[in-house]
Amino acid sequence: MFRNAVLMRQSTMCAATVGSALALQQSLFRFERPVARCQEPVVVSVEKPEKPVVVVKQSRVRVAGLGATLGFATGYLMKKIGRVMLMVIGLEFVFLQSLSAMHLIDIHWDRIGRRSEPHLSVEGQRRKESRIIGFLTYNLPFKVPFVAAFYLGFKSG
């Protein structure tokens, strides 16, 4: 069986070199005696080409400039998104209060206060702020200019 497989591999290589695609297809999918035989076995070695390593060195000024640009844009966007979110929350509050005034719903403000207290405390806000900055600067080589420009973008937005 093993000898037939070796002969079959040799025959498929010969058939491929001769150019007979039909013989190649038949010998690959059938376990029969090979159709063509070679005097010398054909050795084919396939090596995986190595990808060239491209090292791009950027100046520190360019990296800092990129970090500052991205930080400013992110801070500006966060300020604009924050304003829109505050407007939506305010409108939602007015809507819920109007439904409550019409006695259509009951709002349990004590439950809302207990659930939101850990998030609105000073420690909770610091944890959230550090998580947001940590998320935005994850795996960035330019954290200092990013955070500084984020602050400036947030202030100017």
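Side-chain atoms are counted along with the backbone in the values below, which use heavy atoms only and exclude waters and symmetry mates.
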If every non-hydrogen atom of [X] is compared with every non-hydrogen atom of [Y], which pair is closest and at what distance?
| X | Y | value |
| --- | --- | --- |
| F72 | S156 | CZ-OG, 3.3 Å |
| A68 | A149 | O-CB, 3.0 Å |
| P145 | A64 | CB-O, 3.6 Å |

For a quick test of your reading: what N or O donor-acceptor pairs under 3.5 Å do the side chains of residues 90-109 make, sequence neighbours left out?
unit_1	atom_1	unit_2	atom_2	d
S98	OG	V94	O	3.4
S98	OG	F95	O	2.6

Open item on the list: The criterion is side chain to side chain contact (heavy atoms under 4.5 Å, CB included); which residues satisfy it with I81, sequence neighbours excluded?
Closed with: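 With neighbours one apart ignored, the set is L77, M85.
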- [ ] Output, in order, the C-alpha distance, side-chain angles, deciding distance and verdict of side chain to side chain contact (heavy atoms under 4.5 Å, CB included) for F146 and T74.
- [x] CA-CA 9 Å; F146 182 87; T74 305; 3.9 Å; yes
TODO: Consider only side-chain heavy atoms of I, L, V, M, F, W and Y, link residues closer than 4.5 Å, and tell whether L70 and M78 are in one cluster.
DONE: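 They do share one cluster, since a chain of ILVMFWY contacts under 4.5 Å joins L70 to M78.
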- [ ] Determine whether V144 and F135 fall in the same hydrophobic cluster, where Ile, Leu, Val, Met, Phe, Trp and Tyr are linked whenever their side-chain heavy atoms lie under 4.5 Å apart.
- [x]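 V144 does not cluster with F135.
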Task: Reported OG-to-CZ distance for the pair S121 and R126, which is rounded to 0.5 angstrom - done: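 Reported value, rounded in 0.5 Å steps: 9.5 Å.
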